[in-house]
Amino acid sequence: MTVLVAGATGTVGGIVVRRLAAAGVPVRGLTRNPDAVLPSGVEKAVGDLSDASSLAAVFAGVSAVQLFMNWEDQGAVVDLAVRSGVRRIVLLSSDGTPDEALERRVRDSGLEWTILRPGEFAANKIDIWGPAIRAGGPVREAYPDVVGVPVHEADIADVAVAALTGDGHHGRTHLIRGPEALTHREQIRLIGEAVGREIEIEEVGHDQARQDLIATGFPEEVADHILHYFVEWVDAPPVPVSLEPITGRPGRTFAEWARDHAADF
Ligand SMILES: NC(=O)c1ccc[n+]([C@@H]2O[C@H](COP(=O)([O-])OP(=O)(O)OC[C@H]3O[C@@H](n4cnc5c(N)ncnc54)[C@H](OP(=O)(O)O)[C@@H]3O)[C@@H](O)[C@H]2O)c1
């Protein structure tokens, strides 16, 4: 029986399909792009989650599916999964802004369900700080001393693979965070170590940071969403989580993430 992974061209889904294929699990990756190239051993399925009619053939022979959140007409896709004989469903939701309607739908589906709630992806820092670091300049930061618990996308993928293929995850909601609390200043220092140069920080105000994010290409609402978390964490810093009971290994450190992504900076 096949595992279907939505978001197979994405940050987390891309690792999940590679891991499953490497483990010899028949895996199908969903993409809207007929020209997408998926890792070797991964069957490509073209379809759009927002249009359940495009997914009829996609679910054929599927025993487990991984979905992510925030697309239209979500109920239709969960219904289709149930009608198609899928037995297990894993939903990539969110720690800070969970998709509560879809989570409910998944819990009420009658399938073996697991909800994953990852917090801040370390990978966000490629888009937030990457442009300034790649340009060789200082990073302009409004919240250099705020603490985050960024998580390596490979750890999120490891939890997803465990939930898709292992036992003991049915009916559980897994909070997924990084293993250590680090200020932005410490995170930037670790990226500097990975790229081999000291990265300076230029402190700016909230409004300037917002304008900088928008100038880098973030839509206004996304810039506000990012800064909203940083403001929240000033008074209520998130606490790290050990994923070892689920994945069997300690969570990857931010230093490791930065080394893995040195080329992105
Ligand atoms: N970044 C964070 O800090 C954070 C925190 C918590 C949760 N999350 C959530 O985690 C999930 C995964 O994030 P990610 O960064 O791995 O994703 P990503 O890299 O942004 O990739 C998004 C994926 O979704 C697919 N996709 C988008 N709309 C689709 C549609 N209508 N039908 C089918 N496929 C569609 C894209 O595939 P094609 O373009 O190939 O079709 C792509 O593979 C997202 O739901 C995100 O909101 C993110």
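Every number for a ligand or one of its atoms is a count from 1 in the order of the listing.
Panel note: side chain T31, backbone T9; no donor-acceptor pair is recorded below 3.5 Å. Not one N or O on the side chain of S93 forms a donor-acceptor pair closer than 3.5 Å with the backbone of I115. Between the side chain of H170 and the backbone N or O of W113, at least one donor-acceptor pair lies under 3.5 Å.
In this structure, H228 and H225 have parallel ring planes: the angle between them is below the 30° cut-off, well short of the 60° mark.
Nearest non-hydrogen protein atom to atom 23 (C) of ligand 1 is G7 CA, 3.8 Å. At the shortest separation from atom 12 (C) of ligand 1 among protein heavy atoms lies L92 CD2, 3.7 Å. For atom 17 (O) of ligand 1, the nearest protein heavy atom (residue, atom name, distance) is T11 N, 4.1 Å. Looking at atom 3 (O) of ligand 1, its nearest protein heavy atom turns out to be N124 ND2, 2.8 Å. Atom 6 (C) of ligand 1 has its closest protein heavy atom at P118 O, 3.3 Å. For atom 32 (N) of ligand 1, the closest non-hydrogen atom on the protein side is L49 N, 2.9 Å. Atom 13 (O) of ligand 1 has F121 CE2, 3.7 Å as its closest protein atom, hydrogens excluded (heavy atom only).
Per-residue contacts place V12 under 4.0 angstrom from the following atoms of ligand 1 (heavy atoms of the residue considered): 16 (O). Atoms of ligand 1 found under 4.0 Å from any heavy atom of M69, numbered from 1 in the order shown, are 45 (O), 47 (O). Those atoms of ligand 1 that come under 4.0 Å of a heavy atom in S94, given as number and element, are 6 (C), 7 (C). Heavy-atom contacts of D48 reach the following atoms of ligand 1: 30 (C), 31 (N), 32 (N) (cutoff under 4.0 Å).
Checking E153 against W257 by side-chain atom types alone, a donor-acceptor pair falls below 3.5 Å.
With respect to the salt-bridge test (charged N to carboxylate O, under 4.0 angstrom), the residues E103 and R107 qualify.
Checking only distances, N33 never comes within under 3.5 Å of ligand 1, N or O to N or O. Residue S93 has no N or O atom closer than 3.5 Å to an N or O atom of ligand 1. The N/O atoms of T9, backbone and side chain alike, include one that comes under 3.5 Å of an N/O atom in ligand 1. Where the criterion is an N or O separation shorter than 3.5 Å, residue side chain and backbone included, F68 fails it with respect to ligand 1. The N/O atoms of R32, backbone and side chain alike, include one that comes under 3.5 Å of an N/O atom in ligand 1.
When G10, A160, A6, P34 are ranked by how near their heavy atoms come to atom 18 (P) of ligand 1, first place goes to G10.
In this structure, atom 20 (O) of ligand 1 has its sub-4.0 angstrom surroundings free of protein heavy atoms.
The residue from V65, V90, I89 that alone fulfils the side-chain contact (heavy atoms from CB on, under 4.5 Å) condition with L111 is I89.
Linking Ile, Leu, Val, Met, Phe, Trp and Tyr residues whenever their side-chain heavy atoms come within less than 4.5 Å places W233 and L190 in a single cluster.
When side chains are defined from C-beta on, R177 does not count as touching P240, because their heavy atoms never get closer than 4.5 Å.
The minimum heavy-atom distance linking A163 with R88 is given by the pair O-NH1, 3.2 Å.
Residue contacts with ligand 1: G119 is included, with a non-hydrogen atom under 4.0 Å away.
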Could you walk me through whether Q211 and D207 pass the side chain to side chain donor-acceptor pair (under 3.5 Å) check?
-> CA-CA 6 Å; Q211 280 175 31; D207 292 345; over 6 Å; no

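More than 12 heavy atoms of other residues, nucleotides or ligands sit less than 6.0 Å from atom CG of N33.
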